[in-house]
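Report on the following structure.
Atom set for the values below is all heavy atoms of this structure, side chains included, hydrogens, waters and symmetry mates excluded. These figures come from a predicted structure and were not determined experimentally.
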Amino acid sequence: MTDQFEPTPGQPYGKCNDCGAVIDSQADGRKHMSETFEQAKAEGRSKGHSISVLNPSREGRIQNAVDRIVQDAIDDALEDLEDLDLDDDEIGEALVWHSSFRDAWDAKS
């Protein structure tokens, strides 16, 4: 197995953007956001703290890599579809069975 997806040992998962707390793991991050959301709700605010992920988990790194590859494929397909020189609605209708591409096509306008 390759280690490109492994988190950097000894480094925290992230940091709170609001209070600066160091977040050791993804679970700790979820707990911090949940607790601060509950506190914010009690104070009449609608948002808790947010976290910057500095050292993603293995699962997070894999998800990011797959997301990039899929997004690149969608972007390439949209360019190819635009080259067809057809009406946008015709292409949209033809994408009926390809929801990810259809959503991207609809969003490009």
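- Between the CD atom of Q39 and the CZ atom of R45 there is a distance of 6.5 Å, given to the nearest 0.5 Å.
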**OP:** Please lay out, stage by stage, how L84 and D80 fare under the test side-chain contact (heavy atoms from CB on, under 4.5 Å).
**Re:** CA-CA 7 Å; L84 292 176; D80 291 345; over 6 Å; no
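- Looking only at atom types and distance, the side chain of D67 has a donor-acceptor partner in the side chain of Q63 under 3.5 Å away.
- Expressed to the nearest 0.5 Å, how far OG of S57 lies from CG of N64 amounts to 9.0 Å.
- Under a 3.5 Å cut-off, the side chain of T36 and the backbone N or O of H32 do form a donor-acceptor pair.
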Original post:
Can you list the steps and then say if K41 with F37 is a side-chain contact (heavy atoms from CB on, under 4.5 Å)?
Top reply: CA-CA 6 Å; K41 242 174 48 175; F37 176 72; 3.5 Å; yes
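- In this structure, CD1 in I62 is found 9.0 Å from CD in Q4, a value given to the nearest 0.5 Å.
- Hydrophobic clustering (ILVMFWY, side-chain heavy atoms < 4.5 Å, transitive): I23 and L54 are in distinct clusters.
- E90 contributes a side-chain N or O that, together with a main-chain N or O of D87, makes up a donor-acceptor pair within less than 3.5 Å.
- Atom CD of residue Q26 and atom CD of residue E59 lie 7.0 Å apart, to the nearest 0.5 angstrom.
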Run the side-chain donor-acceptor check on residues 91-104: report pairs under 3.5 Å with partners two or more places apart or on a different chain.
unit_1	atom_1	unit_2	atom_2	d
R102	NE	D106	OD1	3.1
R102	NE	D106	OD2	3.0
R102	NH1	G92	O	2.4

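- Interatomic distance, I74 CD1 to W105 CH2, rounded to the nearest 0.5 Å: 13.5 Å.
- Listed by first then second residue, pairs satisfying side chain to side chain donor-acceptor pair (under 3.5 Å) with a partner in residues 7-19 read N17-S50, N17-S52, not counting sequence neighbours.
- Atoms CG and CZ, on D75 and R68 in that order, are 13.5 Å from each other to the nearest 0.5 Å.
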